[in-house]
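Heads up: the structure comes next, in structure tokens.
Note that ligands are numbered from 1 as they come in the structure, with each ligand's atoms numbered from 1 the same way. Note: hydrogens, waters and symmetry copies are ignored here, and every other heavy atom, side chains too, is used.
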Amino acid sequence: MTKQTKYIFVVGGVISGVGKGITTSSIGLILQNRGLTVTAIKIDPYINVDAGTMNPTEHGEVFVLTDGDETDQDMGNYERFLELNLTKVNYMTTGRVYQSVINKERNLEYKGKCVQVVPDIPLEVIKRIKEASINAKADVVVIEIGGTVGEYENILFLEAARMMKIENPEDVFFVMVSYLPTPSKIGEMKTKPTQHAVRALNASGIQPDVLLARGETSLDSKRREKLSIFCNMPASRVFSAPDVDSIYDIPLNFEKEKLSDKLCELMDVVCQKPDTTSWDKWKNFADQAHNGKDTLKIAMIGKYFETGDFMLSDSYLSVIEAIKYSCYAQNKKPIFSWLNSVDYEKSPLKLEELKAYDGIVLPGGFGARGVEGNLKVVKFARENKIPYFGLCYGMQMMVIEYARNVLGLKDANTREVNPDSKNMVIDIMESQKDNLKNNLYGGSMRLGAYKAVLSDGTIANESYGKNEISERHRHRYEVNPSFIAELEKAGLVFSGRSPDGNLMEIAELPKSGHPFFLGTQFHPEFLARPLDPHPLFSAFIKACASGDKK
Ligand code: GLN
């Protein structure tokens with residue numbers, strides 16, 4: 001019997017930020033736990049070909065895949081919940097879809113036919129969904145359609161889903177995640193906006209199979225009945241999805257309501273009983289979010305502070321999650337403080353406040369703003385032996401600080417900030433020069449997974465427990481090879497290098513002189529998984545917990 005792949009589309013009703021990404025990840029997880037092979041796709045309605053050209057304050061973190069695709073932060077949630085490594089076939093935007101349709105038209109692939117918005121755009125969307133499904137040999141593909149039902153932007157994606165349903169009525173399903181507000185003056189949960197949202201979806205020719213009712217509280221039976229009647233579905237298909245403190249409780253809550261049973265029944269797939277061993281592992285992990293005994297104060301140095309629609313923490317989402325996983329595994333609870341790098345430029349006294357933290361993280365970044373503040377923080381962390389973890393720009397800052405204050409190269413800098421510096425310790429990569437000259441910014445950095453070789457007897461090597469690693473990158477600049485010997489002579493250790501020895505991938509100070517002063521040119525946060533914390537984050541957290549500052 002040939003296996004029929006099932007497709008579950010996840011759409012959002014009433015408000016944006018209703019939790020479609022975590023719902024998609026959680027549905028994937030509960031189905032994986034029933035023995036099904038799952039993959040996930042994110043559809044973003046915007047015109048940008050990828051998320052790489054957007055400021056984090058516009059759209060949150062840019063999540064980089066193994067193959068270098070610069071995607072939406074939800075892709076990170078899918079990878080983390082589902083322990084998958086996804087690729088560019090799992091991600092599409094309006095811009096990407098139109099770009100390939102137009103390229104095909106230019107190549108005469110439509111053989112003289114008039115190329116139309118409908119059906120040619122939805123057909124391209126369907127083609128991509130099927131490609132991802134075949135790639136993953138999936139039993140179930142969960143597809144998140146970005147945006148909110150009723151808006152203009154995602155209409156062509158809903159059209160694609162509708163067309164798929166016509167072609168394969170038995171294999172295509174819709175889960176609607178919708179919001180039920182509880183206005184404070186009324187004091188009860190209201191179903192009407194969701195009723196309207198379902199009607200808006202009906203107007204696109206789609207009827208949801210399952211409704212997930214998001215709200216401050218659980219759904220009661222009266223409202224479940226109302227939703228059942230007015231949204232045209234049995235009450236058994238209406239599920240309650242109340243607010244939670246930790247996103248990792250959501251799959252557990254879904255299973256308390258037996259959502260995977262309902263989905264398996266609807267899809268008519270043969271699935272196994274829930275795998276209790278792996279479920280218990282997830283439960284233990286999720287419990288740690290509530291139980292972690294000792295708290296660790298982690299200073300996050302950043303600059304993407306103008307929040308707009310997006311939460312500040314969204315700009316550094318994977319870093320925060322990576323820290324949590326390593327903390328939970330060590331029975332600790334992180335308390336994050338958001339410190340603006342620019343503040344340290346003017347006020348040296350502020351630096352003293354950093355002594356109150358167990359560790360400092362300087363995540364990735366771009367451009368000159370905040371750099372002088374960053375350098376002051378790095379110097380303070382080095383001299384006061386506060387555990388410091390630099391990610392990408394955070395490693396470049398370490399090298400600049402070391403060159404300035406230990407080697408005495410006062411104007412040491414990165415070409416990104418000061419192209420006139422005499423001591424360009426961080427310089428543009430050879431392969432990047434033409435990109436910048438020709439204004440080729442989109443998708444043109446050093447992106448995706450690259451191997452690195454680790455030196456014996458270093459923190460890096462000890463943490464990973466192996467000599468060769470592969471990590472994901474996103475940068476244009478690198479440590480300038482002409483300064484390496486001098487920096488090493490002064491005590492900075494380049495403990496990770498590209499296999500050809502040319503690119504410096506990890507810098508650190510020996511443990512004898514500092515409990516943890518380490519930076520990576522790559523982004524280790526993209527590989528941290530809830531049940532498999534990242535070794536470097538774990539080593540950093542261990543150093544933070546040891547409190548051994550002097
Ligand atoms: N701006 C730096 C570079 O392009 C670092 C990038 C980053 O932190 N992701 O090399």
Exactly one candidate in E525, R80, H523 meets side chain to side chain donor-acceptor pair (under 3.5 Å) with S318; the answer is R80

Does anything in residues 493-516 pair up under salt bridge (charged side-chain N to carboxylate O under 4.0 Å, His left out), and if so which pairs, sequence neighbours excluded?
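Listed by first then second residue: R446-E505, E462-K511, E488-R497.
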
Any salt bridge between K422 and D411, counting N to O under 4.0 Å?
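Between D411 and K422 there is no salt bridge, as every charged N stays at least 4.0 Å from the carboxylate O atoms.
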
Can a salt bridge be assigned to the pair E79 and R472 using a cut-off of 4.0 Å between side-chain N and carboxylate O?
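A salt bridge links E79 with R472.
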
Ignoring hydrogens, what is the shortest heavy-atom contact between Q521 and Y477? Give both atom names and the distance.
OE1-O, 3.8 Å

May I have a table of the N/O to N/O pairs between ligand 1 and the protein that fall below 3.5 Å, each row giving the two atom names and the distance to 0.1 Å?
residue  : atom   : partner : partner atom : Å
ligand 1 : 1 (N)  : G365    : O            : 2.9
ligand 1 : 1 (N)  : E416    : OE1          : 2.7
ligand 1 : 1 (N)  : E416    : OE2          : 3.0
ligand 1 : 4 (O)  : R476    : N            : 3.0
ligand 1 : 8 (O)  : G365    : N            : 2.9
ligand 1 : 8 (O)  : G365    : O            : 3.3
ligand 1 : 8 (O)  : Y393    : N            : 3.1
ligand 1 : 9 (N)  : R474    : O            : 2.9
ligand 1 : 9 (N)  : H523    : NE2          : 3.1
ligand 1 : 10 (O) : Q396    : NE2          : 3.0
ligand 1 : 10 (O) : R476    : N            : 3.2
ligand 1 : 10 (O) : Y477    : N            : 3.0

Y450 and F522 aromatic centres sub-6.0 Å:
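Distance test on ring centres: not under 6.0 Å, no.
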
